[in-house]
Amino acid sequence: MGDSSGDSVSVDMEGASLCGKEHLVQTRHGYVSVAVLGDQDKPALVTYPDLALNHMSCFQGLFFCPEACSLLLHNFCIYHISPPGHEFGASAISLDDPAYSTDDLVDQIAEVLNFFGLGAVMCMGVTAGAYILTHFAMKYRSRVMGLILVSPICKAPCWTEWLYNKVMSNLLYFYGMCGVVKEILLKRYFSKEVRGSVQVPESDIVQACRRSLDERRSSNVWRFLEAINGRPDISDGLRKLQCRSLIFVGENSPFHSEALYMTSKLDRRYSALVEVQACGSMVTEEQPHAMLIPLEYFLMGYGLYRPSQSNVSPRSPLSPSCIAPELLSPESMGLKLKPIKTRVPHDISC
């Protein structure tokens, strides 16, 4: 394991116990925040959030779901990687610093894994984060054992998206995290149902996300957006991926069609699609309970299903070759989930 007294700074994060312990790891492209949660002797699950988010604003819904949390933490040590400058209390990155590309962010992940002494890891990313981790799996094939992608993207931005992002980029540059930018981002993340209307107030998860966006440094978000808006098309390499993939996409996500396109480019023998109805892009926050059963099926092939039914120690190396293909068949995995109400009483667990 890396020594935090060397190339990183280790601090205890405040808040809920599921925040983990934050390490600021120095890479060739600057410092990157990694929040580590769980037993580091276990296999690693690396997460990467969407634009303008960090691990708490993108994945806390999933990890606050008791059954999903117990499934993941029993089997993995979680390494939450935030985009540069998106961590709690981040200072503004100077606009004079060299711009980074998505390829730089991919290399940054490899440096993080090297720092912690990690080999092959499981990856979970949302939209922009899903793109970064997929690109990482293509460039560093031996370092990824599986991909869990939420509303992913794989193509270069179409003209409409490029122009839309440029407008948001200019607003961030000149006006900061203003109201218009926040509304654009909330539409990117959530379905109309939870965003509310004149008659219906926005849901708690949207309000929490809005507060989280207020904490982001606009210049840091601008840099990440510029990188994502300049991303290359990685579609041609998808069929050559050597790991299995589980894709979730919200039916009302702006990236729904792109997720379907990406699924069509993957080898169907090693990938599965789960469409979640009445949900936006961020399934991890809006309907995390819809992810539980597909995740259980996906992890079962790694010997990581339920502790009482698994004969494989979660500390043992994970081998993608041990996944039973039938577990990822369209019949067992590629189903459309029925609509799930998102406004449930707080005392009802997942």
Side-chain angles (χ1 to χ4, degrees), residues 1-2 4 6-10 20-38 40 42-56 58-59 72 76-87 90 93 98-150 152-154 220-221 223-228 230-232 234 237-238 240-246 284 318 320:
M1 294 298 172
S4 61
D7 291 330
S8 83
V9 179
S10 179
K21 186 175 183 178
E22 183 187 35
H23 300 257
L24 295 177
V25 180
Q26 187 175 21
T27 72
R28 289 175 298 161
H29 305 289
Y31 282 97
V32 60
S33 171
V34 185
V36 181
L37 176 63
Q40 290 183 262
K42 292 183 178 181
L45 170 65
V46 170
T47 74
Y48 209 102
D50 193 15
L51 175 69
L53 302 175
N54 56 32
H55 70 283
M56 283 300 292
C58 193
F59 296 103
L72 295 175
F76 295 104
C77 179
I78 316 299
Y79 295 80
H80 291 298
I81 301 178
S82 292
H86 283 56
E87 67 273 11
I93 301 173
Y100 52 74
S101 65
T102 53
D103 203 53
D104 294 332
L105 296 175
V106 166
D107 291 339
Q108 205 174 52
I109 294 174
E111 292 187 66
V112 167
L113 300 193
N114 292 340
F115 173 79
F116 287 105
L118 302 175
V121 300
M122 187 72 72
C123 294
M124 179 187 296
V126 178
T127 311
Y131 174 91
I132 298 296
L133 291 176
T134 303
H135 195 176
F136 175 76
M138 295 167 63
K139 187 172 182 178
Y140 297 91
R141 296 184 181 183
S142 64
R143 308 298 295 269
V144 178
M145 65 183 70
L147 288 170
I148 302 166
L149 308 174
V150 181
I153 53 180
C154 63
N220 300 352
V221 176
R223 289 168 64 87
F224 189 30
L225 176 58
E226 286 289 293
I228 291 299
R231 68 184 186 269
I234 58 174
L238 291 175
K240 298 178 183 178
L241 278 177
Q242 296 180 341
C243 62
R244 296 182 182 271
S245 306
L246 174 60
T284 52
L318 304 183

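Reckoned from all heavy atoms, side chains included, excluding hydrogens, waters and symmetry mates.
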[Y] side chain reached by [X] side chain, heavy atoms, under 4.5 Å:
X: D107; Y: D103; value: yes
X: V36; Y: H23; value: yes
X: E87; Y: L24; value: yes
X: F224; Y: L105; value: yes
X: M122; Y: L72; value: no
X: K240; Y: R141; value: yes
X: Y48; Y: I109; value: yes
X: I234; Y: C154; value: yes

Is the backbone N or O of [Y] less than 3.5 Å from a side-chain atom of [X], with the two atoms forming a donor-acceptor pair by type?
X: T47; Y: M124; answer: no
X: N54; Y: H86; answer: yes
X: E22; Y: S33; answer: no
X: R223; Y: N220; answer: no

Name the one of L133, L241, V144 that satisfies side chain to side chain contact (heavy atoms under 4.5 Å, CB included) with M138?
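Of the listed options, the one satisfying the test is L241.
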Option from L53, I148, L51, D50 for which side chain to side chain contact (heavy atoms under 4.5 Å, CB included) with V126 holds
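Of L53, I148, L51, D50, side chain to side chain contact (heavy atoms under 4.5 Å, CB included) with V126 is met by D50 alone.
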Exercise: identify the closest heavy-atom pair between A137 and C243:
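Shortest heavy-atom contact: CB-SG, 4.4 Å.
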Smallest separation among heavy atoms of P49 and S82, with atom names
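For P49 versus S82, the nearest heavy atoms are CD-CA, 4.4 Å.
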In Å and rounded to the nearest 0.5 Å, what is the [atom1] to [atom2] distance from [X] to [Y]?
X: T134; Y: L149; atom1: OG1; atom2: CG; value: 4.0 Å
X: I132; Y: R231; atom1: CD1; atom2: CZ; value: 9.5 Å
X: M145; Y: C123; atom1: CE; atom2: SG; value: 8.5 Å
X: C77; Y: L45; atom1: SG; atom2: CG; value: 9.0 Å
X: F76; Y: Q40; atom1: CZ; atom2: CD; value: 15.5 Å
X: D104; Y: Q108; atom1: CG; atom2: CD; value: 8.0 Å

Could you go through the side chain to side chain contact (heavy atoms under 4.5 Å, CB included) check for Y79 and L113 one step at a time?
CA-CA 9 Å; Y79 295 80; L113 300 193; over 6 Å; no
Take V32 and E111 through the side chain to side chain contact (heavy atoms under 4.5 Å, CB included) test and state the conclusion after the steps.
CA-CA 10 Å; V32 60; E111 292 187 66; over 6 Å; no
Yes or no on side chain to side chain contact (heavy atoms under 4.5 Å, CB included) for V34 and F116, after CA distance, side-chain angles and deciding distance?
CA-CA 10 Å; V34 185; F116 287 105; 3.8 Å; yes
